[in-house]
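Only a predicted model underlies this, so the values are computations on that prediction, with no experimental measurement involved. Numbers restart at 1 for each chain; the letters A, B, ... are given by sequence-line order, proteins then strands.
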Amino acid sequence: MYALVDCNNFYCSCERVFNPKLENRPVVVLSNNDGCAIARSEEAKALGIVMGTPEFMIREQVLEHGIAIFSSNYPLYGDLSDRVMKTLVSFVPRMEIYSIDEAFLDMHDLYNQDLLALGVEIRRTVRRHLGIPVTVGIAPTKTLAKMANRYAKKKHRDTGVFWAASDELIDQVLAATEVVDIWGIGAQYAKLLRINGFKTAKDLRDAPDEWIRQKMSVVGLRLLHELRGRPSIACAFTAPAKKNICTSRSFGKLISDYKTLSEAVSNYTAACALKLRQQQSCAKELHVFLQTNPHRVQDQQYMRSITLQLETASSMTNELIRYALKALDIIYQPGFNFMKCGVMVQDIKPEDAIQHALFDSVDRSKNKTVMHALDKVNKALGKDLVRFAAQGFEKKYRLRAGYLSKRYTTNMNELLTIKI
DNA sequence: TCTGGGGTCCTAGGACCC
DNA sequence: TCTGGGGTCCTAGGACCC
């Protein structure tokens, strides 16, 4: 058995933890750059705010209904997520953190327990420790657990827990789930399946293997087995090292000048380098891309990217910035209104397994010590305190974040104050 | 005025090898 | 008339996830 535990409307719930006045009020959290709605409280959903709607299109509703609106506050959400996960893992021997607000709990060692009662206990505990409401779905496979979770939200709002404990209960969940709502079925496959007469997950479960194999490859076949109760998607109990790491942002305003772009590229590169060091790995390739805004029909469009090979795989910020600026020099063209750029590091390998170039002139052990010290200082004193000159200070390209709450749990200057 | 960011896995086809 | 068999690696593109 697996349990899928997810936090309800996670980003909205995080905002409510430190601002109880938001209870029972519609709340919306916006994407980076205050671009579009990415989290909605139940009240906001009821008002018809659709996931992914651009902010300027919901402005009227915001005013009319007094919707509380927030910019994304990732330091806050990330920290609360860590705390939720710590609470969850205390209940089971093994757990896979699936996303910032979801985890699969492995319940195979708990077969003679009342899992429904356990689910209720998990929910109660997270609520008490963190103030975050969660929903629990329990079933024999990960796909069914996802489905049971969805079913709990629909049919068991009061308890927030559902255990598909028998074939009858599993059938019930399958029959109540539209094909498009199955984990692993997106818009394309949903369309294909609909055309061919599959309406619910129950229909799909009884589909012929060969047909699914042909139309949906082995991915579809695995899904079929999962629906039939045979676990076919492995749990990743320890987070595997990432194979690509990407940092990219849309700018707060359009940018044309090289200097500002080079600072953005340097900063995104520094972010990638930090993530590399955190997972003890190095990258052998660096990819930089640059693009104008395709929504602006009046602007001439330009989109380019380039991948450079490093002589020696590295995670050193200064070394990676050197390559990134070389890449930018090649793809940059003056005279365009750029909207976005990004840096991706690829061909990632463990740092203790890198092959040095024959004529490598960099003192890598010394450089490693410097990076270690830099990370330590920045961690203690705030993210970007120590930086390389190329990163600049102005951040003219900075994201818009007009509705930002405080970093209550990760920044000493932004602690919650209470008036008594 | 204004439309997010960061990932994974699979397949097909081409180049190349013995 | 007739032109092997088996493999690897790489890339681009498509599908999906939160």
Considering just the side-chain nitrogens and oxygens of A:Arg296, establish if one lies under 4.0 Å of OP1 or OP2 belonging to B:dC2.
yes
With centres under 5.5 Å and planes under 30° as the test, does A:His295 stack with B:dT3?
yes
Is the ring pair A:Tyr77/A:Tyr74 parallel, tilted or perpendicular, if the boundaries are 30 and 60 degrees?
perpendicular
Whole angstrom is fine here: how far is it from NZ in A:Lys243 over to C1' in B:dC10?
12 Å
A:Asn244 side-chain proximity, nearest of C:dC18, B:dG7, B:dT8
B:dT8
A:Asp101 CG to C:dC17 P: how many Å, rounded?
15 Å
Which nucleotide sits closest to the side chain of A:Ser248: B:dG4, C:dC18, B:dG5?
B:dG5
Nearest to the side chain of A:Pro54, which nucleotide is it out of B:dT3, B:dG4, C:dC18?
B:dT3
Taking the six-membered ring for Trp and the single ring otherwise, decide whether the centroids of A:Phe70 and A:Tyr403 are under 6.0 Å apart.
no
In terms of the angle between their ring planes, are A:Phe338 and A:Tyr302 parallel, tilted or perpendicular, with boundaries placed at 30° and 60°?
perpendicular
Rounded off to whole Å, could you give me the CZ-to-P distance for the A:Phe251 and B:dG4 pair?
14 Å
Searching all strands shown, indicate the nucleotide that pairs with B:dC9 (Watson-Crick or G-U wobble; both distances under 3.5 Å).
C:dG14
Against the side chain of A:Tyr189, the closest entry in B:dC10, B:dT8, C:dA15 is C:dA15
Taking the basic N atoms (NZ, or NE/NH1/NH2) and the acidic carboxylate oxygens, is any pair closer than 4.0 Å for A:Glu210 and A:Arg213?
no
Expressed as a whole number of angstroms, how long is the span from A:Leu193:CG to C:dA15:P?
13 Å
Quick one: on DNA chain B, does A:Ser217 or A:Met344 contact a more 5' nucleotide (nearest heavy atom)?
A:Met344
Is the backbone N or O of A:Leu30 less than 3.5 Å from a side-chain atom of A:Asp34, with the two atoms forming a donor-acceptor pair by type?
no
Give one of base, sugar-phosphate or nothing for A:Lys253, where a contact means two heavy atoms less than 4.0 Å apart.
nothing
Measure from the side chain of A:Arg213, starting at C-beta and using heavy atoms only, and say which of C:dC17, B:dC9, B:dT11 lies closest.
B:dT11
On DNA chain B, compare the nucleotides closest to A:Met57 and A:Cys246; which residue's is nearer the 5' end?
A:Met57
Among B:dC2, B:dG4, B:dG6, which is the nearest nucleotide to the side chain of A:Arg249?
B:dG6
What nucleotide among B:dG6, C:dC18, B:dC2 has an atom nearest to a side-chain atom of A:Arg59?
B:dC2
At 4.0 Å (heavy atoms only), tell me whether A:Thr247 reaches a base, stays on the sugar-phosphate, or touches nothing.
sugar-phosphate
Between A:Asp106 and A:Lys142, does at least one N-O distance fall below 4.0 Å, as a salt bridge requires?
no
Where the side chain of A:Arg222 is concerned, which of B:dT8, B:dT3, B:dC9 is the nearest nucleotide?
B:dC9
A:Val218 side chain: which of B:dT11, B:dG4, B:dT3 is closest?
B:dT11
To the nearest angstrom, the NZ-C1' distance between A:Lys142 and B:dC9 comes to 13 Å
How many whole angstroms separate atom CD of A:Glu96 from atom P of B:dT8?
13 Å
Can you figure out which of B:dC2, B:dG4, B:dG7 approaches the side chain of A:Ile245 most closely?
B:dG7
Strictly below 4.0 Å: does A:Lys275 bring a side-chain N or O up to OP1 or OP2 of B:dG5?
no
Ignoring backbone atoms, establish whether A:Ser99 has a side-chain N or O less than 4.0 Å from OP1 or OP2 of C:dC17.
no
Examine B:dG5: is either OP1 or OP2 under 4.0 Å from a nitrogen or oxygen in the side chain of A:Ser250? Give yes or no.
yes
Does A:Lys340 make a side-chain N or O approach to OP1 or OP2 of B:dG4 shorter than 4.0 Å?
no
Ring-ring centroid check A:Tyr98 A:Trp183, cutoff 6.0 Å
yes
Under 4.0 Å between a side-chain N or O of A:Asn33 and OP1 or OP2 of B:dC2?
no
Assign A:Ile185 to base, sugar-phosphate, or nothing according to its heavy-atom contacts below 4.0 angstrom with the strands shown.
sugar-phosphate
Categorize A:Glu55 for me: base, sugar-phosphate, or nothing, with a 4.0 angstrom heavy-atom threshold over every strand shown.
nothing
Measure the distance from CD1 on A:Ile348 to C1' on B:dT8 and round it to the nearest whole Å.
13 Å
Which part of the nucleic acid does A:Ile182 contact within heavy-atom distance under 4.0 Å: base, sugar-phosphate only, or nothing?
sugar-phosphate
How long is the line joining CG of A:Leu223 and C1' of C:dC16, in whole Å?
11 Å
